[in-house]
Amino acid sequence: MTTDQEQISVDFVRQIVATDIESNKNDGKVITRFPPEPNGYLHIGHAKSICLNFGIAAENQGVCHLRFDDTNPCKEEDEFVQAIKKDIRWLGFDWGEHEYYASDYYQQLYDWALKLINDDKAYVDDLSAEEIRQYRGTLTEPGRESPHRNRCVSENLDLFQRMKAGEFDDGQKVLRAKIDVTSPNINLRDPVIYRILKAHHHRTGDDWCIYPMYDFAHGQSDSIESITHSICTLEFEDHRPLYDWFVESLEIHHPQQIEFARLNINYMVMSKRKMAELVNQKIVNGWDDPRMPTLCGMRRRGYTPKSIIKFCARVGVTKFNSLTDIGLLEHSLREDLNQIAPRAMGVLNPLRVVIENYPEGQTEELDAVNNPQDESMGTRKVPFSRVIYVEQDDFMEDAPRKFFRLSVGREVRLRYAYFITCQSIIKDEKTGKAVELRCTYDPLTRGGDSPDGRKVKGTLHWVSAEHAVDAEVRLYDRLFTDPEPSGGKDDKDYHDYLNPDSLKVLTNCKLEPSLGKAEHGMQFQFERLGYFCVDPDSTADAMVFNRTVALRDSWAKADKAKS
RNA sequence: UGGGGAUUGGUGUAAUGGUAGCACGGCUGACUCUGAAUCAGUUAGUAUAGGUUCAAAUCCUAUAUCCCCAGCCA
């Protein structure tokens, strides 16, 4: 998937896979899987896992399955299934016909539970959830055996079948694996493997009223699908002995579980629960709010699949709990957009400029390059006239020497147009703020070069007032002000770090006319400003652009450093 | 204070007993009709203390710090 020569190192998971292929384990085959629970939207953290699982399969002529771990009917919905599939496809990965659901295996899982009971390795327990918790012990004290632990096989069989038949209410009984209640690993203290849940399932409807727990479904699902390498995140490391216990007790194919560290990025929250809160508490405008780290949010923001994949490759795969700088993500984004985004001119905060010696009523069409990185993208015409808009930030009344922009008496270039010199300022009487600049132009500099070889330090973007397209532009900033909003410092919650300026809406923006034809999702670089894309809210009459990411700005940086 | 993991520049990673490298960021400078991009240079690291070895990020011993686990969630 990496298209250029930048070396992406072989991570420890790939090393294990390579070793297994070499030793001909699994007949040299590689089958991985991406196993989301359909209870929420995918985010950038999932992208890391998707890239890993699909990437390893592709690199080894293997396949990667998409399997929905849908064992909890109370939380899961088809809406999420569809959204997840859309996001994975958008990233560019293909699971072919290998679309599976843990719920496809409910019957098999049930039969295996029966086998465990028959082997005296599982029993029905009547304890309440609260009692089970008490019997489980603590981190430092061993658990105690349930009084029902030694029920005979036939009684267990009878009870479990009656659980399935719906004879008991939710929570009245559970099926537990009989392992070791004194184990230092709490996951092995007779874990619950089936619970009664009289709930409607998004795929199996009301066929079942008992549902397997994750631990009893995941490994076996892997096994059924002949998964060779079951790659998951660190928090499941403690579950591996249980994973192994089930496949060994059941004497079925034994996939190898390998754990890696999940992705963390500073200034973001990366948990499904917190994201759901942001949505439900209306802190953001839905799962696809461009400030969200969800894949649908990032797509709307203007992230490209390639930039996300490249980022994931750069982040690498280890067991170290890291906090990646968001700058790395943004670098990957700019890198891609710089190559593919056509350039255009747009003025976000317009300042009117009248070119006094330019003939009234005259219009010219000037040639502009669409992408200096890619000649094949050609050129376009941009109209020029007597009244134009420039950026308010490109004018300063008391300008320092190093300010290469407009100020009274200073000459700058209008990109692809003319050199202009600021002659005077018209101010608002009340505020004293400049509302218009009176300038003169040099007709000999048409196209942007002076025949006398005169140089100017600054080049400004501009838009002809008469031809401008009006637009709304939404500027996004990080959602949180703290690099670790969930860090739990000083009893603070991530809500305490919400950035009040994470969204700024500009409604008076002026864009060059070629942008008037832009369609949903199209991406541009507004020269000197950043990358922007057309938001789905946009209509022909009321265009809406999102700023995907600003350009690097060494002037702003130097300016900020001084103050 | 039970069990399981982890620790290399500011950040993310590589080096699998033999030159501590790459990327992002930062800082210089060059170039530039985008203060972008590009190019060149530069900055900065093996958690600590012992030990083994000709040689240790890597092996051994101890210590420190961080993360995960006590759902009928995944």
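What's counted below: heavy atoms across the whole structure, side chains too, no hydrogens, waters or symmetry copies.
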Exercise for review: Provide, to the nearest angstrom, the distance between the CG atom belonging to A:Leu323 and the P atom belonging to B:A6.
Suggested key: 20 Å
Check your understanding: Roughly how far apart, to the nearest Å, are B:G26 and B:U63 at atom P?
Key -> 42 Å
Review point. Taking atom P in both B:A74 and B:C60, what distance in whole Å separates the two?
Key: 38 Å
Study note, to complete from the structure: Here RNA chain B, pairs taken as Watson-Crick or G-U under 3.5 Å and shown with ( ), [ ] when crossing and | when to another strand, reads .((((((..((((....[..))))((((((.......))))))...(((((..]....))))))))))).....
Exercise for review: For ring-ring contact (aromatic ring centres under 6.0 Å, His included), just list the numbers for A:His202 and A:Phe80, CA-CA rounded to whole Å, side-chain angles, deciding distance to a tenth of an Å, and then say yes or no.
Suggested key: CA-CA 11 Å; A:His202 72 112; A:Phe80 296 124; 9.7 Å; no
Review point. Just checking A:Asp449: base, sugar-phosphate only, or nothing, at a heavy-atom cut-off of under 4.0 Å?
Key: base
Check your understanding: Under 4.0 Å: is that the gap between some side-chain N or O of A:His461 and OP1 or OP2 of B:U34?
Key -> no
Review point. Going through the checks in order, is the ring-ring contact (aromatic ring centres under 6.0 Å, His included) test met by A:Trp112 and A:Phe216?
Key: CA-CA 10 Å; A:Trp112 276 332; A:Phe216 194 70; 7.8 Å; no
Exercise for review: Report yes if the ring of A:Phe320 lies under 5.5 Å from the six-membered base ring of B:A6 with planes under 30°, and no otherwise.
Suggested key: no
Point to revise | Side-chain donor or acceptor of A:Arg176 paired with backbone N/O of A:Asp190 under 3.5 Å | key: yes
Practice item. Determine whether A:Thr304 and A:Tyr531 make a side-chain contact, defined as any pair of heavy atoms from C-beta on separated by less than 4.5 Å. Key: no
Study note, to complete from the structure: RNA chain B nearest-nucleotide lookup for A:Asp325 and A:Gly137: closer to the 5′ end is A:Asp325
Revision key, fill the gap. A:Leu139 CG to B:G2 P, in whole Å, measures 10 Å
Review point. Hey, is the side chain of A:Lys557 poking within less than 4.0 Å of OP1 or OP2 on B:G26, counting only N and O atoms?
Key: yes
Revision key, fill the gap. note: A:Asp393, atom CG; B:G35, atom P; distance rounded to Å ~ 13 Å
Review point. What nucleic acid atoms does A:Val174 come within less than 4.0 Å of, heavy atoms only: base, sugar-phosphate, or nothing?
Key: base
Practice item. Kindly state whether the pair A:Tyr214 / B:A74 counts as stacked, where counting means centroids closer than 5.5 Å and planes tilted less than 30° apart. Key: no
Exercise for review: Identify whether NZ of Lys or CZ of Arg in A:Arg203 sits under 6.0 Å from the centre of the six-membered ring of A:Tyr101 and within 45° of that ring's axis.
Suggested key: yes
